[in-house]
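Notes to accompany the following structure.
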Amino acid sequence: MSIDSPPQDEKIDESLYSRQLYVLGKEAMLKMANSNVLIVGLKGLGIEIAKNVALAGVKSLSIYDPTPVTLQDLSSQFFLSESDIGKARADASLEKLSELNQYVPISVLSHLDEDSISRFQVIVTTETPLTKQLEINEYTHSHGIKFINADLKGLFGQVFVDFGDKFTVYDTNGEEPHTGIVSDIERDVFRSQGYRKVE
Amino acid sequence: MYVNKIALFTGVPLMESGTTGLKGQVQPTSYMTECFACLPKATPKSFPVCTIRSTPSKPIHCITWAKNFLFPQLFGEDDEEQHAANQQGVSDDSDNKDEVEALQKEANELLELKRLIQAASKETNSNDDDFVHKILAKIFKEDIERLLRIETLWATRAKPTPLQYSKDEYSNLKVTDLSDQKPWDKQANLLQFSDSLIRLTNRLSSESTIEFDKDDEDTLDFIVAAANLRSYVFGIEIKSKFDIKQIAGNIIPAVATTNAIMAGFSAVSSIHMFEGDQAIANSRMVYDSANGLKFVNSTKLDSPAHSCKACSIVRGIAKLPTDLKQITLAQFRQALLDKYGYSDDIEISTSDSRLLYDYDFEDNLENPLSQFVGFGDVLLISDSDEVLDHIELYLDGHGNDLEKGDEEKISLPELSIPEFRKKTVAEEEKDEDKQGVKADDQHRENEDGVIVLDDDEDDDAIEIIDDDEVDNKKRKLENVVTSEDVESASKKQKVEHLEDDDILILD
């Protein structure tokens, strides 16, 4: 189902989400409530994204990361503990993630292929090699799935966003719209460059 | 503010940060740099009584009126003291005798309305909504007509229009159809006023008083309708129920992501605090950027402000024996003279400005300290010769880090006391706990009558000029900096120090 026109009668739990509602607005939150999100890669960055998405409230959240937990992971992945070393990162993070928001069902995706990713509206990749990113984006781009890749290098980070060629941007630069006051109206036509009408 | 002060006493750096919606900041403070109190914080805006009661001009005035005046008058406790205080507040705030008289009369009549409601709540015949129309007529018609007769109020202001309506106008609507996202029109507001009033009145039969609560739908509906109807009368913009809920409920918007980002900066910033004084002095403050291209800006912290009430006084902790009866004021004074090398004598006062000792007032010298102070109190020590500056000492016990035989000693902290500065700082200390409400130039403040409410409205029209070349004629457009909301007291503006680097330097 398209999430660009959210059903208007759906209810948002205002007592839980009231503070967020005043930042994002009801329409945005309804869209989120209809979105299934997949997050690939659950090291420090991935778990941070997963935490924020779970708290914000989406229809469902899936996580994929079969990589076994190592001791080094513990320094930035806050949902892992020593007893998790050796387990798959996604499996080890599942329980604590699920506690964050009772409205968001969270599950582990067992494999990553065209079939398994087709049902998502948004896919976020982290810790994913470029070739795999390209492969996934190829699919998402042609199937109307929103794609985001994020990576960290120490204190630096990068984000790549592809929302497809049909995505409508309502606010291109976050600037306040220009307003002005008509100070004067004249019959003369402003001909040469350098003059601009005040609207 | 309190935490800030304690941090200054103990010499521990304080990492302060906060977020509101998509904005936030991280502000390390310490004795080496400006402290939390150095820059004046935006205090919550408060409105003079008369703006609320007779000459509102913004939606927030109407909302404040509905929530803090009308609602408690109709559904709150019978409080004679409060009633008297309100009347006093009105006469203190206004020079206009007619206005004062009108408002006081209005308040008295409201009591009658309250009786009407209480009587109605006891009626078993709940179809009688006569009292609703009486109430509508009084507050949105008669009271307005009375105000209109005071010509002076409207010499420079747009006149209000008493509410005109007929009972049939809104009878076709249903309350459940009303959206909370869109502002209601007049009919809808009338309907909601009537409907919520009846709901609340019915509740009075089992609850003796009702208080406004933004999550209590009945009370919220009433406030929204009442505020909006008042806005209609005064020609003010109508707000949606959603917006009014935020304003009336003082809801501070919050999202997890901003918190995550600021938490991250806060953690990385804190590393400096373990690296010694130099690193602490070089700490940077991080705050959200008004410029759309960057998310955050950072600036170096200033050194402590000279006039800062909190940190411009040297502070430390004095450790005293557990039994304060064993130490006399004289011994304490001597310890001070010895430790800090005062040239002549000192004055010792308490934090609430009681003088304990000066060279003219020796009566207390032989008395034990326990008579005047206890642990946790703060003493202000001033140099009589005005050579050294004032210091403040927090009195504490020795705790566990005692060496044998030290239990009876007075341990004064190592302090580097600067030269004497004018007394203004010390005298202002007295007022420290009263956060002075910032006076608007056009209004006079009054403690009893002033109603405090966070204002997140920006009512000035935003004018941005296109600063391309201007032609020969002078344009009267002004450059205006958008005023940001002042809801969160932890938010600070620091536009002066904007740095234009593309790189955000954190170390």
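What you see below is based on every heavy atom in this structure, not just the backbone, and it leaves out hydrogens, waters and symmetry mates. Chain identifiers are assigned alphabetically (A, B, ...) following the order of the sequence lines, protein sequences preceding nucleic acid strands; residue numbering begins at 1 within each chain.
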>> For Tyr139(A) and His143(A), take the angle between the two ring planes, folded into 0 to 90°, and tell me which bin it lands in: parallel under 30, tilted 30 to 60, perpendicular over 60.
In response: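 Aromatic pair Tyr139(A)/His143(A) classed parallel.
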Evaluate ring pair (Phe, Tyr, Trp, His ring centres under 6.0 Å) for Phe147(A) paired with Phe163(A), printing each intermediate quantity in order. CA-CA 6 Å; Phe147(A) 175 81; Phe163(A) 288 170; 9.7 Å; no
query: Non-hydrogen atoms of chain B under 4.5 Å away: do they reach the side chain of Leu21(A), the backbone, both or neither?
result: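 Both parts, heavy atoms under 4.5 Å.
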task = Starting from the C-alpha separation in whole Å, work towards a yes-or-no answer on side chain to side chain donor-acceptor pair (under 3.5 Å) for Thr125(A) and Asn149(A).
result = CA-CA 5 Å; Thr125(A) 54; Asn149(A) 179 72; 2.7 Å; yes
Taking the six-membered ring for Trp, are Phe212(B) and Phe222(B) closer than 6.0 Å centroid to centroid?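 Centroid distance Phe212(B)-Phe222(B): not below 6.0 Å, so no.
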Under a 4.5 Å heavy-atom cutoff, which of Ala254(B), Gly21(B), Ala256(B) has the most pairs with chain A?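 With the most close heavy-atom pairs to chain A, the winner is Ala254(B).
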Next item on the list: Please determine, among Leu55(A), Asn52(A), Leu24(A), Val53(A), the option with the most heavy-atom pairs under 4.5 Å with chain B.
Entry: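 When all of Leu55(A), Asn52(A), Leu24(A), Val53(A) are compared, Asn52(A) has the most.
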